[in-house]
Every structure is written in structure tokens, then in C-alpha cells.
There are 2 protein chains.
Amino acid sequence: MFQLDLRDSRPLYEQVKEKMKMLMMRGILKSEEKIPSVRELAHQLTINPNTIQRAYKDLEMEGYIYAVKGKGNFVTPIKEAVSEKKCEQLITALKQLVQELMYAGIKEKQLVTIIDKIYAQPQKGE
Amino acid sequence: MFQLDLRDSRPLYEQVKEKMKMLMMRGILKSEEKIPSVRELAHQLTINPNTIQRAYKDLEMEGYIYAVKGKGNFVTPIKEAVSEKKCEQLITALKQLVQELMYAGIKEKQLVTIIDKIYAQPQKGE
DNA sequence: CACATGTATTAACTCATTTAATACGGACGG
DNA sequence: CCGTCCGTATTAAATGAGTTAATACATGTG
């Protein structure tokens, strides 16, 4: 499904979160689709199930997935997906980042071009 | 000069980096201006000088400041400030973030509005 | 020379991260 | 009903990043 980078200094559960979000954003994991079980993904990545559980717990709190005991974890339908709180955090992070980009001498036009390209991609995963 | 947030889960040196960058971006610390010495800032914030040193070392590597032994640390003039490598990292972070914002249902127009506001502020600190 | 600066080193402590070993309860197919 | 897969919780231990502390050295300034 994906690989972890052991040279990456970030915690493993953060990497797992990022990769799972990536798969959802790319539409590879679709709405209501079942994602690998805690034990299965742990086995695939050769890391401890508790670490996967930690990542899944975070993703559920942020609204990306939901868990059903005895069945598995599933992708939250897009419309209701990301929590309000998480959205605000993303906006705050954007403002901080854009200020740094401006200070670094990057032109606004350049940023808008980058954003255009991303938004030009069709929204998948419905 | 500024305060640290002990409830913040991030490392102290990361917070110091963020605050110092903020002061430079806001033009409160200007080009070629001397910033507080390692020992002085450590005393002000009631934290260890080594932690400040760590933050300053990072800021120097990223191009925001430069150090002169026996004299102090100074703000790098804007034009040469942020290193090429740091710029690329910022761009990469932006792409990642915008993808998440799109998935979260935020409209492109909304993002552009936010960016416009930031770039509308005059570039200070020259 | 006295003093402030940046820088380096070593040791110890705290705490987040990760692993490990179990355990419990719900869902499902045979 | 039973075995197996699922999510979830708990406790203990090991590892490593972050932080403090004490100290030392080199350089610039008055």
C-alpha cells in the first residue's frame, strides 16, 4: 500500500497519517471504503499495531475516517469529512506559511499558479 | 520581546524560531539589526542558553540570520535571506497543505482571498 | 585586562515514541 | 455456537529527542 521512510525524523504514526490522507485525497481510497485493519497494516509495514492504532485514532478525531468495532475502519464521505476544528488549523497553518513565503521573496502570482494547478485536478473519491 | 507557551507541545527551540521569524517578517527586527544574544534571550525567557543556541543555529542554516563570533547574531538582509533549500521546503509544504484544504472542502477563491490580504501588507524590514 | 559575545562538550534528566504482551467485546461465516 | 477477524484498552519496558546544567575556549570591544 505504501512505505515508511526510516530516515524521516517525524514519528511513524505521523507518517502513517500523512500517507493515508494522501491516498484519500488522491481518490485511491474512496468514500465509505474499508481501509486496512490495524493488525494487517502493522504487519505490512513491520511496525507495532499500537502505532497504527494511534494514527487511526488521530485520523478519526480529525474526521477523515470512522471506526466500527468488529468490522474495521472506513473513509468518511467527503462532504462531512474534515472537522471544523481541523479546518481552522489548516487555515492558520496556511497563513503562517504564506507569510514565510512572502518573506522568502516568492511572488504572489507564483503561489496562485501552484494553487490553480492543484485545484485543477478533479475531486476524486466520491 | 516575546513569550513562550508552555502548553504548546512543540519543542521550545521551535517556538523560539517561529517567534524570531515572526519579528523579522513583521519588520520589528530589521535588516542587519542585532538580535538578543544567546545568553540574554535565555535569561529573558528563563530557559537554557543551549536551547536558544539550537534555535539560532537553525535560523542561521535557513538563512534568516548570521552569526559573528564575539559580536552577536544579526538579521540577514532580505534579498539574500532565505536559502534556496528552505524555499523549496516551503513550496513543498504549501502544496501538501493546499491539497488538504481542497479535500476539506475549502474553495480556491477563499484561499486566494487569504493570500491577497497577506501580500497586501507592505514588505517591511528593509 | 575585564567583559560580552558565539560555540563546543559532556552528563543527566524528562518525556514522547515505539515495542511487546495481553485482554476484552462486537461482528460474521460455517 | 465457535473460531476468527475486527477495534480497543492496559501495562511495562526500551529507545531517542529535547532540555537543563556546568564548564570551557576563542573572538571582539572598551
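Numbers restart at 1 for each chain; the letters A, B, ... are given by sequence-line order, proteins then strands. The analysis underlying the following values was restricted to heavy atoms, covering all of them including side chains, and did not include hydrogens, waters or symmetry mates. All values reported here derive from a predicted model rather than from experimental measurement.
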Whichever of A:R10 and B:N73 has its nearest DNA chain C nucleotide further upstream toward 5':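 Result: B:N73.
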For [X] and [N], what is the distance between atoms [atom1] and [atom2] respectively, to the nearest whole Å?
| X | N | atom1 | atom2 | result |
| --- | --- | --- | --- | --- |
| A:K34 | C:dC28 | NZ | P | 12 Å |
| A:R39 | D:dG7 | CZ | C1' | 7 Å |
| A:K69 | C:dC24 | NZ | P | 14 Å |
| A:I52 | D:dC6 | CD1 | P | 13 Å |
| B:K17 | D:dT19 | NZ | P | 12 Å |
| A:Q53 | C:dT18 | CD | C1' | 14 Å |
| B:Y13 | C:dT14 | OH | P | 21 Å |
| A:N50 | D:dA13 | CG | C1' | 13 Å |

B:V38 side chain, from C-beta outward: closest of C:dG6, D:dT8, D:dA21: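 When the side chain of B:V38 is considered, C:dG6 is the closest of C:dG6, D:dT8, D:dA21.
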Between A:Y66 and A:E32, a side-chain donor and acceptor under 3.5 Å: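 A:E32 and A:Y66 do have a side-chain donor-acceptor pair below 3.5 Å.
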Check against salt bridge (charged side-chain N to carboxylate O under 4.0 Å, His left out), A:E62 and A:K17: CA-CA 11 Å; A:E62 293 173 3; A:K17 284 175 61 180; 3.2 Å; yes
More than 12 heavy atoms from other groups under 6.0 Å of NZ on B:K34: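 Yes - once you tally the heavy atoms of other residues, nucleotides and ligands closer than 6.0 Å, there are more than 12.
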Donor-acceptor pair present, B:R54 side chain and D:dG18 base, under 3.5 Å: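 For B:R54, whose side chain was compared with the base of D:dG18, there is no donor-acceptor pair (under 3.5 Å).
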